[in-house]
Amino acid sequence: MKRLLAFVLVVVVSFGLIAWTSPWLLDKTKLGLDLKGGFEILYEAEPLSGTGDVDKKSLIQTAKSLEDRANKQGVAEPEVTTEGKNRIRVKIAGVTNEAEVREMLKKPAELQFRSAEGCKSETDYCKVELVGSDFVEGAAKVEYDQLNRPLIAIKVKDKKKLADVSERLIGKRLAIFLNDELQSDPVVQQALTEGTATISGQPTPKDAQNLADVINLGALPLKLNEKYTQSVGATLGQKSLEDTVLAGAVASVAILLFMLIFYRLPGLIASICLIVFVWVMFIAFWLMNATITLPGIAAFILGIGIAVDTNIITAERIKDEIRSGKSIASSLRAGNKNSFRTVIDAHITNIIATAVLYFIGQGSVKGFAVVQLASIIVNILTNLFLPRLLLQLVVKSGRFSKPSYYGVKESEIRAL
């Protein structure tokens, strides 16, 4: 009786948590542009001069700059990723002013060194003294002084211009702006006549490296060319979501009925574990801060199929053991043992295939792989170990010892 009560307690607590947290989890789930509407652009970056290669750090910093610009426009949850050596993919869902956002994103990063000469206040920084094109491309580097404090070494193309600016601003601040956002405002200590300078005052090496990346980004402003674009209307996205949810619900009900009809008690426990699997997957989406797209939903549904296969393999092995004449308890132990290796081998091969998709694929393919990998891990926890625990509690209670409870007819049992 204690084991049966423990089984009921586990099920009740699980379903209680599911009912309590599911509305919140669904509300926190982020939808991609193919479900919510929006647009996707694949940019190919190249230097404004039209010559030279695109530096990887500059590409990453440009992607970050695009994300910051989108955030400043009030765009909800922009997704900006780099691909290959010179490509940036931007996905923005729920956009109403698409043309305005697209035009804003295409502008190259703008680096300016400004002073407060002739401005309203000492912190107004209205006068532009140097711009990104004045600096040597990729020359900003982190170095250390004699006290091991980080500083940034920079180099300009025109020595005289830097000398004139520094002589005029000795003892004053020369602020560094990227896309009109203040990054730092160091004080000019002396006249700089060699075309080089150092910027100190950064508290950590990481801060110094970030500022060096900003300067290098501005020194190598990238031109973004649209190579691919896709726009999805909000109505079409909503229709896709509704159809997908309906198809998933119908398939889930059919699967649960199939498990109950063919596998009886193991099928009931499998159905419980499948519901827990879906709930834990939504928790995983929330923890990963994932954006759900149609490929992601496809991977999710495929994960449900894999979870069903896991339960079917285990249930069939248990039925085989019962048909051989073993007791229910012995059949449970033998069936679980014999199915374990098969299930784990299947999951390992799935993980290998998913890893290949992730490392070779791009865009939606990589998103599919991430969801698939998460579903495999969650499946092992909720549809391999959890059903075994629940079945052991039920079997050891001694109240479910008839073969028919496990989908086996008396006529199928072979005498030993």
Participant: Write down the atom of A63, the atom of V80, and the distance for their closest heavy-atom approach.
Facilitator: O-CG1, 3.5 Å

Participant: So for atom NZ, which belongs to K127, do other residues, nucleotides or ligands contribute more than 12 heavy atoms lying within a distance under 6.0 Å?
Facilitator: yes

Participant: Do D158 and D134 make a side-chain contact, defined as non-hydrogen atoms from C-beta onward lying under 4.5 Å apart?
Facilitator: no

Participant: Tell me if the aromatic rings of F135 and F113 count as close, with their centers under 6.0 Å from one another.
Facilitator: yes

Participant: Taking all atoms of both residues into account, what is the closest heavy-atom pair of R317 and N338, and its distance?
Facilitator: NH1-O, 2.8 Å

Participant: Going by the side chain to side chain contact (heavy atoms under 4.5 Å, CB included) test, name the single residue among L25, V278, V276, V280 that passes it with I18.
Facilitator: V276

Participant: Below 4.5 Å, heavy atoms only, C-beta onward: do L373 and Y358 meet side chain to side chain?
Facilitator: no

Participant: Assess the residue pair S200 and D145 against the criterion (side chain to side chain contact (heavy atoms under 4.5 Å, CB included)); give the C-alpha distance rounded to whole Å, side-chain angles, the decisive distance to 0.1 Å, and a yes or no.
Facilitator: CA-CA 9 Å; S200 59; D145 62 14; over 6 Å; no

Participant: Quick one: are V370 and M288 in side-chain contact, heavy atoms under 4.5 Å?
Facilitator: yes

Participant: Which label fits F258 and F262: parallel for a plane angle under 30°, tilted from 30 to 60°, or perpendicular past 60°?
Facilitator: tilted

Participant: Tell me whether the rings of W24 and W286 are parallel (<30°), tilted (30 to 60°) or perpendicular (>60°).
Facilitator: perpendicular

Participant: Could you pull out the closest heavy-atom pair between S375 and A299, with the gap in Å?
Facilitator: OG-O, 4.3 Å

Participant: Between W279 and T21, is there a side-chain donor-acceptor contact under 3.5 Å, judged purely by atom types and distance?
Facilitator: yes

Participant: If you apply the rule side chain to side chain contact (heavy atoms under 4.5 Å, CB included), what do you find for I318 with I322, and how did you get there?
Facilitator: CA-CA 6 Å; I318 293 173; I322 294 174; 4.0 Å; yes

Participant: Between I344 and L384, is there a side-chain heavy-atom distance shorter than 4.5 Å?
Facilitator: yes

Participant: What are the two closest non-hydrogen atoms of E226 and Y43, and how far apart are they?
Facilitator: CG-CE2, 3.6 Å

Participant: For the CD1 atom of I377 and the OG1 atom of T382, what is their distance to the nearest 0.5 Å?
Facilitator: 11.5 Å

Participant: Under 3.5 Å, is there a donor-acceptor pair between the side chain of R388 and the main chain of N336?
Facilitator: yes

Participant: Which word best sums up how the rings of F340 and F385 line up, parallel for under 30°, tilted for 30 to 60°, or perpendicular for over 60°?
Facilitator: tilted

Participant: Is there side-chain contact between L246 and E242, with at least one heavy-atom pair below 4.5 Å?
Facilitator: no

Participant: Do the side chains of Q183 and N210 get nearer than 4.5 Å, heavy atoms only?
Facilitator: no

Participant: Checking side-chain hydrogen bond (donor to acceptor under 3.5 Å, both in side chains) against N379, which of D309, N311, T310, N350 comes through?
Facilitator: T310

Participant: Is there a donor-acceptor pair closer than 3.5 Å between any side-chain N or O of T349 and the backbone N or O of A346?
Facilitator: yes

Participant: Among I328, L268, I269, which residue satisfies the side chain to side chain contact (heavy atoms under 4.5 Å, CB included) criterion with V394?
Facilitator: I269

Participant: Please test Y228 against E40 for side chain to side chain contact (heavy atoms under 4.5 Å, CB included), starting from the C-alpha separation and ending with a verdict.
Facilitator: CA-CA 8 Å; Y228 162 84; E40 172 184 357; 4.0 Å; yes

Participant: Might you work through the side chain to side chain contact (heavy atoms under 4.5 Å, CB included) test for L192 and T196, ending with a clear yes or no?
Facilitator: CA-CA 7 Å; L192 306 169; T196 60; over 6 Å; no

Participant: Which atoms form the tightest heavy-atom contact between A116 and E122, and what is the distance?
Facilitator: CB-O, 3.4 Å

Participant: Are L5 and L9 packed together at the side-chain level, in the sense that at least one heavy-atom pair is separated by less than 4.5 angstrom?
Facilitator: no

Participant: Between K161 and V156, is any pair of side-chain heavy atoms under 4.5 Å apart?
Facilitator: no

Participant: Which atom pair, heavy atoms only, marks the closest approach of V142 to Q209?
Facilitator: CG2-OE1, 3.3 Å

Participant: Check for a donor-acceptor pair, side chain of Y406 on one end and backbone N or O of F400 on the other, with a separation under 3.5 Å.
Facilitator: yes

